[in-house]
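Data first, discussion second: the structure below is written as structure tokens.
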Amino acid sequence: MDVDRKYRGLDGNIHEATDFDNYTVFSLWDTYRAEHPLLNLLKTDRNTNMVKSMLAHWRQSVHHVLPVWSLMGNEGWCMTGYHAVTVLADAIVKGALIDKDEAFKAMVSTATWTRFPGLKEYMTLGYAPYDRDATAASNTLEYSFDDFTIYAAALKEGRTDIAEPFARRALYYRNTFDKTLGFASPRYADGRFKADLDPYQTYNEGFIEGNSWNFSFHAPQDVYGLMGVMGGEEAFLQKLNRLFEMNLPPKYYKDNEDITADCLVGGYVHGNEPSHHIPYLYAWTSTPWLTQQRLRTIMNKMYRNHIRGLGGNDDCGQMSAWYIFTAMGFYPVCPGSDQYVLGAPYLPYMNVALPNGKHLTIKAPNVSDKNCYVQSLKLNGRPYTKLYLTHADLLNGCTLEYVMGSKPNKRRGQAITDKPYSLTAKENK
């Protein structure tokens, strides 16, 4: 917007931002994951202005749809999903001062706009069909997560009329899993799965900018449920370890502009955003310390002081936001919940100023590449065993004191009460 607070809106008309600062350029397929949660924590007013800008976009939209990829005040329609709803929902869950009634109208109208690829069928079949949508598998996973965030925000605000249908849709991700393979797979309208899925291949397999190996972990709202469709925790862990340890043949990325050897750890693609939460998924398993190990590897390889030191496109700040969260030692695996999953601090000391005047202090005096494992943690001077922090923990101002070591503490974080949020409970087998 200009100095007189006027800006050209999505409809081409001149508008005046009377009660907010207008923003544009929202690479939402990327930034809903960490950048907006980071701004919501550290620059709350700025993120709230961005949310209000998205609502203005919605009001000016002839389709009554929130932005998909807002570009210089226009809609770019780039990438998939309707991730602006996640930004709005996460802001509501974390107490943003916005018009919640308008926000719910915007989220619901966006999530029911049937011109999104495969969405009309998704709402009736429970998945986007591959014969109608070339990226049906990833769309089903993305829609389902976005739907979860609407459910979570509605639940917090007591809007059961909205929460109930979107709670069902939040589990639709399960419908795109071929249980005979243990992978997410494109599925036809008649119920058949694609017969010749290559889970290593990015192109023509029903996914956008990612393969089934990476996208199959895209259900951060229901990690225990995800374990179930993969065949249980043991099968889940085997796949998770295999992802980081495999040798991905170059033929799978040599012609891909978004993936190079620089941005790979095994088959894990840090240079493209659908994978960003995956290292933290060990927190739900019996080997949570592997998160700490994987993160150290990613930080050292993907963020270097070199002309090619960033392992991918920063994508309007998402790669940087991932780094800041991970350096602090926690990450918003599931925006829409109020939790940040713990990894391990990267630096020996951090003092973070919060917008309410309080401070987040992180102390890990002996941390190093060797001493990358959390031995114990104190929150405000008291022993803390959970594998997550809440938004309230951080906003209240807190001191985190870590003891780090060269070997993992395999007893820490094993109790079910210490595990992070999952929409469905862990199955007892």
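Values below: all heavy atoms of this structure, side chains included; hydrogens, waters and symmetry mates excluded. Quick caveat, the model's predicted, so the values are computed rather than measured.
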In terms of the angle between their ring planes, are Tyr200 and Trp213 parallel, tilted or perpendicular, with boundaries placed at 30° and 60°?
-> tilted
Using the side chain to side chain donor-acceptor pair (under 3.5 Å) rule, pick out the option among Tyr331, Tyr280, Tyr303 that qualifies with Thr326.
-> Tyr280
Contacts of Gln293 that satisfy side chain to side chain contact (heavy atoms under 4.5 Å, CB included) - sequence neighbours left out = Leu290, Tyr373
Met50 versus Asn40: any side-chain heavy-atom pair under 4.5 Å?
-> no
Side chains of Gln318 and Ser27: do they bring a donor and an acceptor to under 3.5 Å?
-> no
Can you tell if the side chain of Gln414 reaches within under 4.5 Å of the side chain of Pro288, non-hydrogen atoms only?
-> yes
Side chain to side chain, Val87 and Val51, heavy atoms closer than 4.5 Å | yes
Ignoring hydrogens and angles, state whether a donor on the side chain of Asp133 or Asn139 is under 3.5 Å from an acceptor on the partner side chain.
-> yes
Provide the closest heavy-atom pair for Ser138 versus Thr135 in the form atom of the first, atom of the second, distance.
-> OG-O, 3.3 Å
Would you name the heavy atoms of Cys78 and Trp69 that are closest together and state the gap between them?
-> CB-CD1, 3.5 Å
Name all residues meeting the salt bridge (charged side-chain N to carboxylate O under 4.0 Å, His left out) criterion together with Glu75; count only those two or more places apart in sequence or in a different chain, and write none if there are none.
-> none
Taking all heavy atoms of Pro186 and all of Leu197, pick out the closest pair and write down the distance.
-> CD-CD1, 4.0 Å
Phe325 and Tyr340 aromatic ring geometry - parallel, tilted or perpendicular at 30°/60° bounds = tilted
Just by modelled atom types, is the Gly413 backbone N or O under 3.5 Å from a matching donor or acceptor in the Lys419 side chain?
-> yes
Any donor-acceptor N or O pair under 3.5 Å, side chains Ser422, Asp222 | yes
Rounded to the nearest 0.5 angstrom, the CG-NE2 distance for Leu41 and His36 is 14.5 Å
Using atom types as modelled and distance alone, determine if a side-chain donor or acceptor of Ser61 lies under 3.5 Å from a backbone N or O of Val65.
-> yes
Give the C-alpha distance, both sets of side-chain angles, the deciding distance and a yes or no for salt bridge (charged side-chain N to carboxylate O under 4.0 Å, His left out) between Arg159 and Asp101.
-> CA-CA 10 Å; Arg159 295 292 303 269; Asp101 287 338; 3.6 Å; yes
Between Leu171 and Leu423, the two heavy atoms sitting closest are CD2-CD2, 3.7 Å
Parallel, tilted or perpendicular: which fits the ring planes of His218 and Phe215, with parallel below 30° and perpendicular above 60°?
-> tilted
Any side-chain heavy atom of Ile362 sitting closer than 4.5 Å to one from Tyr402?
-> yes
With ring centroids as reference points, do Phe217 and Phe236 lie under 6.0 angstrom apart?
-> yes
For the pair Cys334 and Val223, evaluate side-chain contact (heavy atoms from CB on, under 4.5 Å) and give the outcome as yes or no after the intermediate values.
-> CA-CA 10 Å; Cys334 183; Val223 178; over 6 Å; no
Which class fits the ring pair Phe116 and Trp77: parallel under 30°, tilted 30 to 60°, perpendicular over 60°?
-> perpendicular
Please lay out, stage by stage, how Tyr122 and Arg169 fare under the test side-chain contact (heavy atoms from CB on, under 4.5 Å).
-> CA-CA 9 Å; Tyr122 166 89; Arg169 288 171 57 159; 3.7 Å; yes
If we only count heavy atoms from C-beta on, is the Leu379 to Leu400 side-chain gap below 4.5 Å?
-> yes
Check: Asn22 main-chain N/O paired with Lys52 side-chain donor or acceptor under 3.5 Å | no
Would you sort out whether Glu209 and Glu273 count as a side-chain contact (heavy atoms from CB on, under 4.5 Å), showing the intermediate values?
-> CA-CA 9 Å; Glu209 289 197 13; Glu273 281 68 18; 5.8 Å; no
How many angstroms lie between OH in Tyr172 and CE in Met123, if you round to the nearest 0.5 Å?
-> 9.5 Å
Under 3.5 Å, is there a donor-acceptor pair between the side chain of Glu233 and the main chain of Ser286?
-> yes
Between OH on residue Tyr346 and CG on residue Leu295, distance to nearest 0.5 Å = 11.0 Å
Across all chains, not counting sequence neighbours, the side chain to side chain donor-acceptor pair (under 3.5 Å) partners of Arg59 are Glu102
Report the residues that fulfil salt bridge (charged side-chain N to carboxylate O under 4.0 Å, His left out) with Arg304, sequence neighbours left out, ordered by chain and then residue number.
-> none
Is the backbone N or O of Ala321 less than 3.5 Å from a side-chain atom of Glu35, with the two atoms forming a donor-acceptor pair by type?
-> no
Glu142 pairs by side chain to side chain donor-acceptor pair (under 3.5 Å) with which of Tyr173, Tyr82, Trp29?
-> Trp29
Work out which heavy atom in His57 is nearest to a heavy atom in Leu66; give both atom names and the distance.
-> CD2-C, 4.0 Å
Close side-chain approach of Asp369 to Arg296, heavy-atom, < 4.5 Å = yes
Look only at the side chain of Thr114 and the backbone of Leu119, and say whether a donor-acceptor pair between them is shorter than 3.5 Å.
-> no
Any idea which heavy atoms bring Ala96 and Thr48 closest together, and the distance?
-> CB-OG1, 4.1 Å
So, does Thr361 use its side chain to make a donor-acceptor pair with the main chain of Asn351 at under 3.5 Å?
-> no
Between Ser144 and Tyr127: side-chain donor-acceptor atoms closer than 3.5 Å = no
Interatomic spacing from CH2 in Trp322 to NE2 in His270 - rounded to 0.5 Å | 4.5 Å
How long is the span from the CE atom in Met404 to the NZ atom in Lys363, to the nearest 0.5 Å?
-> 16.0 Å
Within residues 177-195 or reaching into it, pairs that qualify as side-chain hydrogen bond (donor to acceptor under 3.5 Å, both in side chains) - sequence neighbours excluded | Asp178-Thr180, Asp190-Arg192, Lys194-Asp196, Lys194-Glu205
Look only at the side chain of Gln339 and the backbone of Pro420, and say whether a donor-acceptor pair between them is shorter than 3.5 Å.
-> no
Verify, without hydrogens or angle tests, whether Ser212 (side chain) and Pro199 (backbone) share a donor-acceptor contact under 3.5 angstrom.
-> no
Cation-pi, Tyr282 ring and Arg294 (6.0 angstrom, 45 degrees) | no
Close aromatic pair by centroid cut-off 6.0 Å: His83 and Phe26 | no
Is there side-chain contact between Lys94 and Asn47, with heavy atoms separated by less than 4.5 Å?
-> no
Residues in side chain to side chain contact (heavy atoms under 4.5 Å, CB included) with Ser275, at least two apart?
-> Asn214, Tyr268, Val269, Ile278
Taking the side chain as every heavy atom from C-beta outward, state whether Thr202 and Tyr253 have any atom pair closer than 4.5 Å.
-> no
Donor-acceptor contact present, side-chain Lys301 to main-chain Leu264, <3.5 Å | yes
How long is the gap from OG1 on Thr390 to CG on Asp338, to the nearest 0.5 Å?
-> 5.5 Å
